[in-house]
Amino acid sequence: AAVEAEQELTDGFHLVIDALKLNGIETIYGVPGIPITDLGRMAQAEGIRVVSFRHEQNAGNAAAIAGFLTKKPGVCLTVSAPGFLNGLTALANATTNCFPMILISGSSEREIVDLQQGDYEEMDQLAIAKPLCKAAFRVLHAADIGIGVARAIRAAVSGRPGGVYLDLPAKLFSQVMDAAEGEKSLVKVIDAAPEQLPSPAAIKRALDVLKSAKKPLIILGKGAAYAQADEEIRSLIETSGIPFLPMSMAKGILPDTHPLSAGAARSTVLKDSDVVLLIGARLNWLLSHGKGKTWGDAPKKFIQVDIEPKEMDSNVEIAAPLVGDIGSVVAALNQGIKSGWQAPPSEWTEAINARKEVNISKMAQRLLKNSSPMDFHSALGALKQVIKERPDAILVNEGANTLDLARGVIDMYQPRKRLDVGTWGVMGIGMGFAVGAAVETGKPVLAVEGDSAFGFSGMEVETICRYNLPVTVVIFNNNGIYRGTDTDPTGRDPGTTVFVPDSRYDKMMEAFGGVGYHVTTPDELKRAVDEAMDSGKPTLINAVIDPAAGSESGNIGSLNPQSVVKKK
Ligand SMILES: Cc1ncc(Cn2c(C)c(CCOP(=O)(O)OP(=O)(O)O)sc2=O)c(N)n1
Ligand SMILES: [Mg+2]
């Protein structure tokens, strides 16, 4: 009798890997452990790059920034319960910032969780994830893995990008099925992030409002950076002659040194503009919700470009909503201004230039100060020069003074080169973003970190050494959060915002085979960074900053509640 042909089988492990590869996922960021250790090993053996971290939050941040940089969802893989929870902060932050990522976590068996019978790392992860991300799915059967992965990918990148949770119970991985059936069950996502064209009527309405402006302003948000519509945006600004203000992660879409950049005259243009065109920027707290003294008393009209219709009127009335993807909308605007367009009155651009000159020369004075110990400005003056000489380096930045001052001092020259705390102002993105940016782009990364901010993800210096990534970390060591001068009025403990004084973070990098520098002047700092970036070696530079130099909460101290009760 013919020997029954050996039925070829596949299983959940292989179907997850095949589904990811079929959809062009080349990298997984994660932390191994039950029940996904073998999934990671097998993915690596099948050619997916698997980058293992020391904490899931950092792996999640790497996946999130991979999504922002590539427009493909970054994938983070974690164990159940505690690993899943550690990844959630990154998933929620990705969703808030519209970075496409997928958090894949192993999970406990449904029947045991639902009967609360005390499984290993028992947790209803799907229910917990749902409110914190854009979409969440669970797969129980091997034959559904193809659809599950496809749904997660499409949800992550379509419309407003965001974080997606994909829950894979442990039992799923060892489920077997016929290989041919398995192959057929896989789905290659077609047109995951479809263009969404604006209506001609909306374009006409917006152009009419723009044409009525005497003092127009374009604000570019990180959505404009994400869109990778750089030439269309450059053309709109240079053809229209409208000044532009880039939000932090939109810096570099056009160089900060561009003649139409209003970055150095931010408060003037927000207050005095009469029509504001928002491209991938939301009127949230970062733009004072579009109202109040920041925006002055003169009436303003807002035109808003956003792929999410619900975003319109979120804070103030939008006179001309432009719903669609940024590339399509800006292309349509460019068509519309081809004829009958008048550049803004020269008084407007001249007033901006005058204000820019005053602010830039004031800043220049502060950057030249060669004080010792360094203050933020003298240290940032050296790094400003580094980025000017190395415009394709990627700048990662977090802290309070270290963040707020760097944003204004360090000019960016290319799009998607400045990666920072974004909409939430979350500390801890540093090393995850640095790893993700280095892995995805291969470009040198300069991470400029407050000493507190660095502490949230600092253990990943080992990860950076293990993969030998071209990451240079500069720590602005001012011995604490905001400053290093707080004291405990009772005299018992250190102040609540200070650290061990004069600590040597550079020794941490040396502990794992990287290069450490300890610098106390701007010249030493510049030399160390240049050597590090020329070498391409993992490097940490401990830059001593005057502990008294900072201000509480950097530029956003006003958000702090103040006690009106004075204890006797
Ligand atoms: C997760 C998290 N925890 C705490 C904070 C609060 N916070 C903290 C703790 C900051 C660190 C500031 O200290 P630094 O050393 O990083 O920077 P500077 O000393 O240069 O100001 S900035 C800030 O908003 C936060 N934003 N995010
Ligand atoms: Mg500090």
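Here the structure is a predicted model, which means the values were calculated and not measured. One-based numbering along the sequence shown. Whatever order the structure lists ligands and atoms in, that order sets their numbers, starting from 1.
- By the ring pair (Phe, Tyr, Trp, His ring centres under 6.0 Å) test, Phe456 pairs with no residue at all, sequence neighbours left out.
- The minimum heavy-atom distance linking Val474 with Ala543 is given by the pair CG1-CB, 4.2 Å.
- In terms of polar-atom proximity, Gly425 is counted as a contact of ligand 1, with an N or O under 3.5 Å from an N or O of the ligand.
- Here the closest non-hydrogen pair linking Leu286 and Arg266 is O-NH2, 3.1 Å.
- A salt bridge links Arg138 and Asp124; the closest N-O separation between the charged side-chain nitrogens and carboxylate oxygens is under 4.0 Å.
- Between Tyr517 and the options Arg527, Glu524, Glu531, a side chain to side chain donor-acceptor pair (under 3.5 Å) holds for only Glu531.
- Inclusion of Ala453 in the set of residues having an N or O under 3.5 Å from an N or O of ligand 1 is warranted.
- Contact check for Val435 versus Asn58: no side-chain heavy atoms found under the 4.5 Å cut-off.
- Note: no N/O pair closer than 3.5 Å links Phe456 and ligand 1 by distance alone.
- Considering backbone and side-chain atoms alike, Ala400 places an N or O below 3.5 Å from some N or O of ligand 1.
- Counting heavy atoms from C-beta outward, Val544 and Asn477 have side chains that stay 4.5 Å or more apart.
- In this structure, Phe476 has no heavy atom closer than 4.0 Å to ligand 1.
- Comparing Glu449, Arg483, Met427 against atom 1 (C) of ligand 1, the shortest heavy-atom distance belongs to Met427.
- At the top of the distance list for atom 20 (O) of ligand 1, counting protein heavy atoms only, stands Thr402 OG1, 2.5 Å.
- Atoms of ligand 1 lying under 4.0 Å from at least one heavy atom of Phe376, given by number and element, are 20 (O).
- Smallest separation of non-hydrogen atoms from Arg282 and Gln304: CA-NE2, 4.2 Å.
- Counting only distance, with no hydrogens or angles, the side chain of Lys251 and the backbone of Asp411 share no donor-acceptor pair below 3.5 Å.
- With distances taken over non-hydrogen atoms, the option nearest atom 21 (O) of ligand 1 out of Leu403, Asn401, Asn93 is Asn401.
- Near the Mg ion (ligand 2), less than 2.8 Å away, sit the protein N, O or S atoms Asp451 OD1, Asn478 OD1, Gly480 O.
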key: Chi angles and distances behind the salt bridge (charged side-chain N to carboxylate O under 4.0 Å, His left out) call for Lys388, Asp256   = CA-CA 11 Å; Lys388 186 174 177 185; Asp256 283 327; over 6 Å; no

ask   = Please walk me through it: do Asp375 and Arg366 pass salt bridge (charged side-chain N to carboxylate O under 4.0 Å, His left out)?
value = CA-CA 10 Å; Asp375 65 11; Arg366 304 183 71 174; over 6 Å; no

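- Comparing Asn560, Thr89, Val421, Asp451 by heavy-atom distance to atom 15 (O) of ligand 1, the nearest is Asp451.
- Residue contacts with ligand 1 leave out Gly455, since none of its heavy atoms falls under 4.0 Å from the ligand.
- Remark: atom 6 (C) of ligand 1 lies closer than 4.0 Å to no protein heavy atom.
- Looking only at side-chain heavy atoms (C-beta outward), Val473 and Tyr505 stay at 4.5 Å or farther from each other.
- At the shortest separation from atom 11 (C) of ligand 1 among protein heavy atoms lies Ser452 OG, 3.4 Å.
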